[in-house]
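Take a look at the structure set out below.
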There are 2 protein chains.
Amino acid sequence: MRKAFLTANEVGRGHLENQRVRSGRVTIHDVAAAAGVSISTASKALNNTGRMGDDTRERVKRVATEIGFRPNALAKGLLSNRSFTIGLLTNDTYGRFTLPVMAGITEALVDHGVSVFLCTIEDDPALGKVHVDAMLDKSVDGIIASGKRIDRRLPVDLSNLPVPVVYAFTEGTPGSVAFCADDFQGAALAVEWLMGLGRRRIAHVTGPESFFSVRERARAYRSLAGDVLPVMYGTWSEAWGHEAVAKIWDAPGSKPDGIFCGNDQIARAVVDALRERGVRVPQDVSVVGFDNWEIVAAQTRPPLTTVDMNLKALGREAGLTVLALAEGRAVEPGIRTLPCELVVRQSCGGNPDH
Amino acid sequence: MRKAFLTANEVGRGHLENQRVRSGRVTIHDVAAAAGVSISTASKALNNTGRMGDDTRERVKRVATEIGFRPNALAKGLLSNRSFTIGLLTNDTYGRFTLPVMAGITEALVDHGVSVFLCTIEDDPALGKVHVDAMLDKSVDGIIASGKRIDRRLPVDLSNLPVPVVYAFTEGTPGSVAFCADDFQGAALAVEWLMGLGRRRIAHVTGPESFFSVRERARAYRSLAGDVLPVMYGTWSEAWGHEAVAKIWDAPGSKPDGIFCGNDQIARAVVDALRERGVRVPQDVSVVGFDNWEIVAAQTRPPLTTVDMNLKALGREAGLTVLALAEGRAVEPGIRTLPCELVVRQSCGGNPDH
DNA sequence: TTGAGATGAGAAAAGCTTTTCTCACGGCAA
DNA sequence: TTGCCGTGAGAAAAGCTTTTCTCATCTCAA
């Protein structure tokens, strides 16, 4: 007869009956007993500290491996005030920006045995506080704050926390450490690429001017392409991409031969709109996007050449920095910009193998 | 003169000098001292256990609040074998499925003081083991395994862990608890909606037949729409959506008046392809997608009517279940399917306010 | 042979909380 | 007055690991 219910013991607990019964977990007591030494000797052997005979050390290590001992991080953390845990706080519910950042953080820290709490707060200060408090209770070694844009704060006060805080892709408090992508350099990369392909009449269709990133990218655009065409500010939607193309092509006068878009969604719509008008991409017009959002950039026909902000690298840096702070190492405060890079696909023509 | 470097103390540590110096943290010792009682009395007062005068209890509580005492979760966990921490393991790097699941889990568990480790393993068994070990070291109360499809296992063995495991949107081991969306019901919802709008010649353009979800959806489609048109299996790409439309419309014979697509990407491409051919959506053909991937469904012109798998609710259930198991409560094993729902936008016509 | 120094290993405390056990005291009944 | 019981509160242990201090033993030199 099949049992109808199961408990945690049946669902997951392994069969460690031959070891400790009390908590089902192998502790350093068991190692010490099995190796015939004291607890302190066992500890020292495993941590390569203290003084003892090589044979003793080796024996303890071997025994520990054999019975599958893994030190309890809670006990270790209680003693050392290090939990090997950090928190990633974000208000980016889509994960568009946070997920690459998270991947970078994890990649950098997993080797150090650090795990990451992901806390998504949707612009809700109360929820933010709940999450921060929960993390502090758990003695996180540090917090990385992340968001959707670099000129907005998270709706939660992180300024007087008992743990270090690092900001990634969101605005930090004065005197803090913050990481962001170099919008100016990234935009310059895009415009230079277009110009390198011989494009001279380059338009810039982008998002709302209220975004710092938008202004930086526009500044780079203007400094390279000049003031031939006005920057077209709009929203971050495909609808705006279509609208912008209509505006340009429905107006009299000569048309652009290159369009630098503020993000990939706009770029995708621009490409679609051009195709619908019979304008060929990339033969007649080259289009560059921004973000390298795989799901948009790669699915566009033709696939988008676009600027990648290297968010994963950004996450990696942020992770290593918060770790350094947690370990008491000194870190220079301020905003660090990381360079973007161009991902060449087929929406510009030229050599796609670049 | 501005200082060039800062350490953790300056970055984040608050000013608690007036309280404990040793670890910078307010402990129950401080509460006891400030309230003039012993540690045990303080503990009992705060946890509403033990016996004592009401005045004592109130005083301790008030003092605790005043000096900002928060119990150390590490110490608590060491004692109770509960860390108020769970791990979410996934191989879905895009976060397409994991992020909504994660949101549901967090939403359900934050009230219980539980925080969630997010561990993304990219089909790398070694990395998976590293993450699982790291989580076990930290005494997670349970693990939720999640993925990209319900008929594939994560590349890591979770069958003999000392903590409960629950599967969400990925295949579980026999005898485990798993949650997934009801593909049959969801597909039926879509086809019925099309038929309710008077569509009779309904095509089904979907992903690879190797997916269980694809077969289930196709089964529902056939059971309702009959065998009028063959199911068109392909890939999960926009390219396939375009190709499928070309196949259908370039072939002789009468055309469909409704298309049920296996996911939103295919649906988007189908809508685009139809528009390019001058076929009007929704006037001539109604199109339904699957997934309700906001970024695709809402940006399609017209926005997609699509099936939502309720992944957030699924995450919520998974979270509550793993919590129940962690607390030793009995849970019925097996696969639980959660109903999908239809999100009506404009790609079908009919009443968008439904 | 005895004392010093080196070497290996164990005892104990600390880190923070909860829980069980014990104790002191006041009141009440015999 | 004595004994019992209930009440309120504290002492101590447990949970697991690391670190410091102490101790025992052995070797070698005087």
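Chain naming here is simple, since letters A, B, ... match the order of the sequence lines and numbering starts at 1 in each.
Under the salt bridge (Lys or Arg N to Asp or Glu O under 4.0 Å) criterion, Arg153(B) pairs with Glu171(B), sequence neighbours left out. Residues that satisfy the side-chain contact (heavy atoms from CB on, under 4.5 Å) test with Ala34(A), not counting sequence neighbours, are Val63(A). Residues forming a side-chain contact (heavy atoms from CB on, under 4.5 Å) with Thr41(A) (at least two apart in sequence, or on another chain): Val37(A), Ser38(A), Met52(A), Thr56(A). Considering only residues two or more places apart in sequence or on other chains, Pro125(B) meets the side-chain contact (heavy atoms from CB on, under 4.5 Å) condition with Pro155(B). Residues satisfying the side-chain contact (heavy atoms from CB on, under 4.5 Å) test with Thr49(B), not counting sequence neighbours, are Lys44(B), Asn47(B).
For the pair Leu79(B) and Arg59(B), nearest-nucleotide mapping onto DNA chain D gives the more 5' position to Arg59(B).
You'll find the side chain of Leu118(A) reaches within 4.5 Å of the side chain of Thr98(A), heavy atoms only. By the 4.5 Å heavy-atom criterion applied to side chains, Asn72(B) and Thr27(B) are not counted as neighbours. For the pair Phe117(A) and Thr85(B), the minimum side-chain heavy-atom distance is below 4.5 Å. You'll find the side chain of Asn48(A) reaches within 4.5 Å of the side chain of Arg57(A), heavy atoms only. The shortest side-chain heavy-atom distance between Asn81(B) and Arg25(A) does not fall under the 4.5 Å cut-off. In this structure the side chain of Ile86(A) reaches within 4.5 angstrom of the side chain of Ile144(A), judged on heavy atoms. Between Thr106(B) and His131(A) the shortest side-chain heavy-atom distance falls below 4.5 Å.
Contact check of residues 31-38 of chain B against DNA chain D (heavy atom, cut-off under 4.0 Å) returns Val37(B), Ser38(B). Residues of residues 132-141 of chain B that place a heavy atom closer than 4.0 Å to DNA chain C do not occur. Within residues 39-48 of chain A, the residues that place at least one heavy atom under 4.0 Å from DNA chain D are, in residue-number order, Ile39(A), Ser40(A), Ser43(A), Lys44(A), Asn47(A).
The CZ-P distance, from Arg70(B) to dC16(C), rounds to 16 Å in whole Å. In this structure, Asp55(A) places its CG atom 12 Å from C1' of dA9(C), rounding to the nearest Å. When rounded to the nearest whole Å, the span between CZ of Arg57(A) and P of dA9(C) equals 10 Å. Here the C1' atom of nucleotide dT18(C) and the CD1 atom of Ile28(B) are 8 Å apart, to the nearest Å. Whole-Å rounding puts the Leu74(A) CG to dT17(D) P distance at 11 Å. Per the geometry, CG belonging to Leu78(A) stands 15 Å off P belonging to dG15(D), to the nearest Å. The NE2-P distance, from His29(B) to dA12(D), rounds to 13 Å in whole Å. In this structure, CG of Asp30(A) is placed 12 Å from P of dG15(D), rounded to the nearest angstrom.
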Which atom pairs, one a donor and one an acceptor, fall under 3.5 Å between side chains of residues 315-323 of chain B and the rest of the protein, sequence neighbours left out?
residue   : atom : partner   : partner atom : Å
Arg316(B) : NH1  : Glu107(B) : OE2          : 2.9
Thr321(B) : OG1  : Glu317(B) : O            : 2.7

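Rotation axes derived from the C1' atoms of the five outermost pairs at either end of the helix from dT1(C)-dA30(D) to dA30(C)-dT1(D) lie 80° apart, to the nearest 10°.
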Can you list the steps and then say if Asp30(B) with Phe69(B) is a side chain to side chain contact (heavy atoms under 4.5 Å, CB included)?
-> CA-CA 8 Å; Asp30(B) 305 306; Phe69(B) 168 71; over 6 Å; no
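Comparing dC16(C), dT18(D), dC16(D) by their nearest atom to the side chain of Ala75(A) picks out dC16(D).
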Between the protein and nucleotides 6-8 of chain C, are there any N/O to N/O pairs under 3.5 Å, and if so, what are the atom names and distances?
residue : atom : partner  : partner atom : Å
dG8(C)  : N7   : Arg51(A) : NH2          : 3.0
dG8(C)  : O6   : Arg51(A) : NH2          : 3.3

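Applying the salt bridge (Lys or Arg N to Asp or Glu O under 4.0 Å) definition to pairs two or more places apart or across chains, those involving residues 132-147 of chain B are Arg70(A)-Asp133(B), Arg70(A)-Asp137(B), Arg82(B)-Asp141(B), Lys129(B)-Asp133(B).
The environment of Asp55(A) atom CG is dense: over 12 non-hydrogen atoms of other residues, nucleotides or ligands sit within 6.0 angstrom.
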